[in-house]
Amino acid sequence: MTKFGRKFGSYQVATADKVFSLGLMEMKCGTAEHTLQKLKAEVLPDVVKGWSALSQEEQCSAMKMNHLFCGFHFIVGLADQASSCLKEWVGLRFEDEKYGALEVPRVFETKESRVARLIHTATLEKHGDEQGGATAHFHAYLQMTNTPSPLANFHGNRNYVAFYNGAGVYVLHKAMLHFLQDVHGESNLLKAVKADLVVPDLVAWARALGFLCKLPIAPLWRVQEDKHTSIFDMSNHYTSLHKQEELKQFCIKKHQHKETEIAKKRAANLKKKEDLTKEVG
C-alpha cells in the first residue's frame, strides 16, 4: 500500500540516476484492466494448446477479462431488495394508519421496513437502552419450555440474517407473545415488539422471508461456504437457480391465467343467474 493506492506485482528498476517502481495499481480509469487484458492476449497463444486451431470467435472469448465478485454479495443484494419491497408493500397495506409498535408511546417510524424492524427487535437484544433488551430472560424461558431458539444474533451479521430470523420469528411468535404478556414486557422496546407480533400481516411477511431462507438463500450459502467449492463450480449453481426462477415465473403466469378464466366463468354464471331472476320476476 502506498499513498497513491494499492500496487500489485511491484518491481524496482535502478538506473544510474534514479530508482523506478514498476507495477499495476488500482485506477478508476481502468488502465490496469486494459493492461492485464493486453498481457493476457499476448500470453494465451503460448500457453493454450491448439490456439491457432481455435476460431476467431473462440479466441476473442478467451481473451475477455472475467470479473469475479463475492458470491455473498448476491445474498446481500436480495436482502436489500426484500427490505425495499416490503417497505413499499407495508406502505400500500396500511398507508397512514398507525398500527403495531407505532401505537406505543415514544416509538417512531424508522427508515427500515416495519417487517425488518420486527425481525430485528424480536431477537430481544439491547438496542442502546441497557434495560430494554431481554435476550437472556427469553432464552431461559425457552429452555424452561424445551423450545429451541432458531434466532441468530444481529450483532456481527449483515442484513441477510433477516431471512433466517424471519423464519425464527414466525416459529416463535406465539412463545414470544406469551413471554412478553405474562413474563417480561415492561420496557418500550418490548412493548413495541409485542404490539408488532399481534399484527398478522407483519408475522406473515416474516414467514415469507423465512421461505426465501429455505430456498434459495440457505442452500446457496452452504455451497459457497464449502471449502471444496471453487469459483468455477458456482456457475452451475447460478444457472440452476436461474432455471428454477424461470420455472416459478412460468407457473405463476399459468396460475394467474387459470384464475382469470375461473373469474370469467364465475362472472358469466352470475350474469346468467341475474338474467334468469329478471325473467322470472
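We count residues from 1, following the sequence as given.
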Is Tyr141 atom OH crowded by more than 12 heavy atoms from other residues, nucleotides or ligands, each under 6.0 Å away?
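Count over threshold, so yes.
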More than 12 heavy atoms of other residues, nucleotides or ligands under 6.0 Å from CD of Glu225: yes or no?
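Count over threshold, so yes.
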Separation of [Y] [atom2] from [X] [atom1] (nearest 0.5 Å):
X	Y	atom1	atom2	value
Asp201	Arg93	CG	CZ	4.0 Å
Ser113	Trp89	OG	CH2	12.0 Å
Arg222	Leu220	CZ	CG	10.0 Å
Leu92	Glu88	CG	CD	6.5 Å
Gln181	Leu197	CD	CG	9.5 Å
Leu190	His137	CG	NE2	10.0 Å

Which is it for Val198 and His173 under the side-chain contact (heavy atoms from CB on, under 4.5 Å) test, yes or no, and what are the steps along the way?
CA-CA 9 Å; Val198 297; His173 75 279; over 6 Å; no
So which heavy atom on Asn165 is nearest to which on Ala152, and how close?
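Here Asn165 and Ala152 meet closest at OD1-N, 2.7 Å.
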Which pair of non-hydrogen atoms, one from Leu172 and one from Pro150, has the smallest distance, and what is that distance?
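Taking Leu172 first and Pro150 second, the nearest heavy atoms are CD1-CD, 3.5 Å.
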Would you check if the side chain of [X] reaches a backbone N or O of [Y] as a donor-acceptor pair within less than 3.5 Å?
X	Y	answer
Thr121	Arg117	yes
Thr229	Val223	yes
His178	Ala175	no
Lys214	Pro219	no
Gln224	Trp221	no
Lys194	Leu177	no

Tell me, please, which residues at least two apart from Leu78 pass side chain to side chain contact (heavy atoms under 4.5 Å, CB included).
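Partners of Leu78 under the side chain to side chain contact (heavy atoms under 4.5 Å, CB included) test: Phe74, Phe163, Ile217.
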Treat each ILVMFWY residue as a node, draw an edge where side-chain heavy atoms are under 4.5 Å apart, and state whether [X] and [Y] are in one component.
X	Y	value
Val161	Met176	yes
Val169	Leu86	yes
Met144	Leu142	no
Val90	Leu118	yes
Tyr170	Phe211	no

Identify, with sequence neighbours excluded, every residue that meets salt bridge (charged side-chain N to carboxylate O under 4.0 Å, His left out) alongside Asp80.
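Per chain and number, Asp80 pairs via salt bridge (charged side-chain N to carboxylate O under 4.0 Å, His left out) with no residue.
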Using side chain to side chain donor-acceptor pair (under 3.5 Å), reason through Thr239 and Asn236 one step at a time and then give a plain yes or no.
CA-CA 5 Å; Thr239 301; Asn236 292 330; 5.4 Å; no
If you look only at distance, which donor and acceptor atoms sit under 3.5 Å apart when one is on a side chain in residues 202-210 and the other is two or more places apart or in another chain?
none

